[in-house]
Amino acid sequence: MATKQVKFPDDFVWGAATASYQIEGAWDVDGKGLSIWDTFAHAPGKIKDGSTGDIACNHYFKWREDVSLMKKIGLHGYRFSIAWARILPDGLGKVNQDGLDFYDRLVDWLLDHDIDPYVTLYHWDLPQALQDKGGWVNRDTVQAFVDYAGIIADRLGDRVRHWITLNEPWVAAVLGYGLGEHAPGHKNLGEAIQVGHNLLLAHGLAVPVLRERSEPEAEVGISLSLSLGTPADDSSAAREATNRHDLFMNRWFLHPLFKGSYPEEMEPILGMMQLKREPEDAAVIAAPIDFLGVNYYIRHLVKDGDEFPPVNLQFVKNPEAKYTDMDWEVYPQGIRELLLEVSKEYKPTKIYITENGAAFADTLEEDRVHDTERVEYLRGYLAEVGKVIEQGVPVKGYFYWSLMDNFEWAWGYTKRFGLVYVDYDTQKRIVKDSGLLYKEIIALNSVE
Ligand code: IFM
């Protein structure tokens, strides 16, 4: 069969991503405070395999080795997040210098290895002390986040050029406060709507702080989990449900960020959920950003149903398709279709794919890890990213999720997403076949 090379622009950024709670371990080391994920994972019955992130990939102690792995793969950029409770054990007030020193050393080491740090300030591990005062439902948490952002920028802003305020606020709000599947485990959709608003506000207020306290060329953005919806059948009910899916999954966050208001169709839901907001919030949230971070994993076949009331959706499985271990459909063209839609509607000037990847079981053979399905996934999705760039969408970089296998939240260690295999008993790392392929793709700056 004839194959085609899809080339990427010369300045394309090839990276990989991780998050603090998923890899660091050292949950109570060097003055770190508790986060909501420490509390949640320690509570019985919350995590599928009964595990916690107490040790995870032990990255807090193995960061030098992990940077060597990044270098071996040839990464240009590394996206990681900062554990807020390492810096401010109580969420605000007294700063823990040891926590700051950890990230300071990591940033220097990355730069010494020509790897550009892309720093996420919030990837879900809220200090427990703030949750005790209401967490993200409480508007005071917004100011606590902005103060925390200022502390980080004061320390790292002379070297970090890429800031991501929040990771996937939809997930933090809906899974954390709406459905109870993530920390802090609340089940109240009204809270989730309020949390979404407060997160957006925290983002909007942090943007100018990060800019002012970093070097002039620093860029600031946000990473949203966006998913594509396709009507499950030809009925108008399925088409309407798909529109509601887009509203709920994507436009709820995209619209206020890029257009300065919630989508009009969202207003009845916001009213029903008694959202508390101030008239000036909309302008704060719409603070211009330098890039949009897109985390893309899922295409849903949608029809009318009773999931996510009052949005009322049902997801249907595609009998023809292959699914990952997360039960997410493998549908490479979805990333292109989604990016085309977002770019047409919201016109971000710059996009980074800040996450994309797949969980599959790996086959270990001595010192090799064969992950044929991930190899295929990577080729398929990257080819579509290459094509969408040719179609004029300003995608400037791609960060595979994840650099290494890690703690997959409520799934514990049962799902492996990494380019690097982690043996959790010995903490040995092995670059998988997909990691070797990624190295080749980076070196050639093209995919077959
Ligand atoms: O592991 C997560 C990550 O923390 C956020 N985005 C999705 C990934 C896979 O579920």
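When a residue number appears, it is its place in the shown sequence, counting from 1. One-based numbering, in listed order, for ligands and for the atoms of each. Computed from a prediction, not measured in an experiment: that's the story for all the values here.
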**Q** Verify, without hydrogens or angle tests, whether Ser51 (side chain) and Ile47 (backbone) share a donor-acceptor contact under 3.5 angstrom.
**A**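 A pair under 3.5 Å: no.
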**Q** Numbering the atoms of ligand 1 from 1, which are under 4.0 Å from a heavy atom of Trp124?
**A**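 So the answer, numbered in order with elements, is 5 (C).
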**Q** Any atom of ligand 1 sitting under 4.0 Å from a heavy atom of Lys415?
**A**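 Contact check Lys415 vs ligand 1: negative.
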**Q** Distance under 6.0 Å and angle within 45° of the ring axis: does Arg374 meet both against Phe360?
**A**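 No, cation not above the ring by the 6.0 Å, 45° rule.
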**Q** Any heavy atom of Trp411 closer to ligand 1 than 4.0 angstrom?
**A**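 No heavy atom of Trp411 comes that close to ligand 1.
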**Q** Answer with yes or no after comparing the ring centroid distance for Trp14 and Phe8 against a 6.0 Å cut-off, counting only values under it.
**A**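 Yes, the ring of Trp14 comes within the 6.0 Å limit of the ring of Phe8, centre to centre.
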**Q** With side chain to side chain contact (heavy atoms under 4.5 Å, CB included) as the test, would you mind laying out the steps for Lys428 and Tyr421 before giving the verdict?
**A** CA-CA 8 Å; Lys428 184 176 167 184; Tyr421 182 87; over 6 Å; no
**Q** What protein heavy atom sits nearest atom 10 (O) of ligand 1, and how far off is it?
**A**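 Looking at atom 10 (O) of ligand 1, the protein heavy atom closest to it is Glu408 OE2, 2.5 Å.
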**Q** Within the structure, does Asn295 bring an N/O atom to less than 3.5 angstrom of an N/O atom in ligand 1?
**A**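 There is no such contact.
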**Q** Listed by chain and number, what are the salt bridge (Lys or Arg N to Asp or Glu O under 4.0 Å) partners of Glu65, not counting sequence neighbours?
**A**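 Expected list: Lys62.
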**Q** Of the side chain and backbone of Tyr21, name the one, both, or neither that has a heavy atom under 4.0 Å from an atom of ligand 1.
**A**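 Under 4.0 Å from ligand 1, Tyr21 contributes no heavy atoms.
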**Q** Which ligand 1 atoms are under 4.0 Å away from a heavy-atom of Trp328?
**A**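 Reading through ligand 1 atom by atom, the close ones are 10 (O).
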**Q** Short N/O distance, under 3.5 Å, between Trp401 and ligand 1?
**A**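 So ligand 1 has an N or O lying under 3.5 Å from an N or O of Trp401.
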**Q** Is it true that a side-chain atom of Arg336 and a backbone atom of Lys387 form a donor plus acceptor pair closer than 3.5 Å?
**A**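 A pair under 3.5 Å: no.
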**Q** Which atoms of ligand 1 sit under 4.0 Å from any heavy atom of His123?
**A**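 Those qualifying, in numeric order: 3 (C), 4 (O), 5 (C).
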**Q** Hey, which atoms in ligand 1 end up nearer than 4.0 Å to a heavy atom of Glu355?
**A**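 Those atoms are 3 (C), 5 (C), 6 (N), 7 (C), 8 (C).
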**Q** Would you say the side-chain atoms of His255 and Tyr346 include a donor-acceptor pair closer than 3.5 Å?
**A**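 Indeed, the side chains of His255 and Tyr346 share at least one donor-acceptor pair under 3.5 Å.
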**Q** Under 3.5 Å, N or O to N or O, is Glu168 touching ligand 1 that way?
**A**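 Yes - when backbone and side-chain N and O of Glu168 are compared with those of ligand 1, one distance drops under 3.5 Å.
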**Q** Check whether Phe12 forms a cation-pi arrangement with Lys396 (NZ or CZ under 6.0 Å from the six-membered ring centre, at most 45° off the ring normal).
**A**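 Relative to the ring axis of Phe12, which defines the angle, Lys396 lies outside at least one limit.
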